[in-house]
Amino acid sequence: QVQLAESGGGLVQAGGSLRLSCAASGLTFSRYKMGWFRQAPGKEREFVAAISWRGIFTNYLDSVKGRFTISRDNAKNTLFLQMDSLKLEDTAVYYCAAESSTNTILFRDESRYEYWGQGTQVTVSS
């Protein structure tokens, strides 16, 4: 069955960096557009970033533009999120998700994504 497994979360000071990974199995990874979402305590889950099949096109939440970079390695079936200049408000559980539509839209709507990982906690401290 399809599995998405996030890793790389942890505790980091404000201004620091983390790199999240999402290892995919049970699907043809290169045929899925991928996304990162996050959910902070007491808030709804929100879109963070998305990437096209070969990684050529990306889409970001405005508040992370210039600080976060989404990328993928199709040979290793792995999605990444490089997070730099982290802020307190970036604290959340981060999820990766897979979306199989054949159009070129990089969706921000979580209902478009069919498969989800279990999440990894990112905590930014002052």
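Along the sequence shown, residues carry numbers from 1.
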Q. Is there a salt bridge (charged side-chain N to carboxylate O under 4.0 Å, His left out) between R112 and D109 once you walk through the steps?
A. CA-CA 6 Å; R112 305 292 302 206; D109 181 355; 6.0 Å; no

Q. Going through the checks in order, is the side-chain hydrogen bond (donor to acceptor under 3.5 Å, both in side chains) test met by E89 and T91?
A. CA-CA 5 Å; E89 54 263 40; T91 294; over 6 Å; no

Q. Could you go step by step and tell me if F57 and K33 meet the side chain to side chain contact (heavy atoms under 4.5 Å, CB included) rule?
A. CA-CA 10 Å; F57 300 104; K33 292 173 282 181; over 6 Å; no

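One distance of note links OG of S71 with CZ of R19; it measures 6.0 Å at 0.5 Å rounding. Atom NZ of K87 sits about 7.5 Å away from atom OG of S63, to the nearest 0.5 Å.
Put simply, the side chain of Q1 reaches to within 4.5 Å of the side chain of Q3, judged on heavy atoms. Within the 4.5 Å cutoff, the side chain of I51 has heavy atoms near those of the L79 side chain. Within the 4.5 Å cutoff, the side chain of T58 has no heavy atoms near those of the S52 side chain.
Checked for salt-bridge contact, E110 and R45 meet the test: a charged N lies under 4.0 Å from a carboxylate O. Remark: K65 engages D62 in a salt bridge, criterion side-chain N to carboxylate O under 4.0 Å.
In terms of modelled atom types and a separation under 3.5 Å, the side chain of N74 and the main chain of W53 share a donor-acceptor contact. Between the side chain of T120 and the main chain of G9, a donor-acceptor pair closer than 3.5 Å is present. For Y95 (side chain) and E6 (main-chain N/O), no donor-acceptor pair under 3.5 Å exists by modelled atom type. A distance-only check finds a donor-acceptor pair linking the side chain of E114 to the backbone of S100 [under 3.5 Å]. R31 places no side-chain N or O within donor-acceptor distance of the main-chain N or O of L27, the cut-off being under 3.5 Å. Between the side chain of R67 and the main chain of S85, a donor-acceptor pair closer than 3.5 Å is present. A side-chain donor-acceptor contact under 3.5 Å links E99 to the backbone of S101.
Here the closest heavy-atom approach between residue A92 and residue A40 is recorded as CB-N, 3.8 Å. The shortest heavy-atom contact between R108 and N59 is NH2-OD1, 2.9 Å. When every heavy atom of L4 is checked against every heavy atom of C96, the shortest pair comes out as CB-SG, 3.7 Å. Scanning both residues, F29 and N77, for their nearest heavy atoms gives CB-OD1, 3.4 Å.
Residues L61 and F80 are members of separate hydrophobic clusters, defined by side-chain heavy-atom contacts under 4.5 angstrom among Ile, Leu, Val, Met, Phe, Trp and Tyr. Following chains of ILVMFWY side-chain contacts shorter than 4.5 Å, one can reach L88 starting from L86, so the two form part of one hydrophobic cluster. Note: the hydrophobic cluster containing L11 does not contain L18 (ILVMFWY, side chain heavy atoms under 4.5 Å, direct or indirect links). At a threshold of 4.5 Å between side-chain heavy atoms, the hydrophobic network of Ile, Leu, Val, Met, Phe, Trp and Tyr places V48 and Y115 in one connected group.
Heavy-atom contacts from other residues, nucleotides or ligands closer than 6.0 Å to CD of Q82 number more than 12.
Results of the side-chain contact (heavy atoms from CB on, under 4.5 Å) test with M83 over V64, L20, V124 single out L20 as the only residue that passes. Screening W36, F68, F37, Y113 against F47 for a ring pair (Phe, Tyr, Trp, His ring centres under 6.0 Å) leaves a single residue, F37.
No side-chain N or O of D73 forms a donor-acceptor pair with one of T78 less than 3.5 Å apart.
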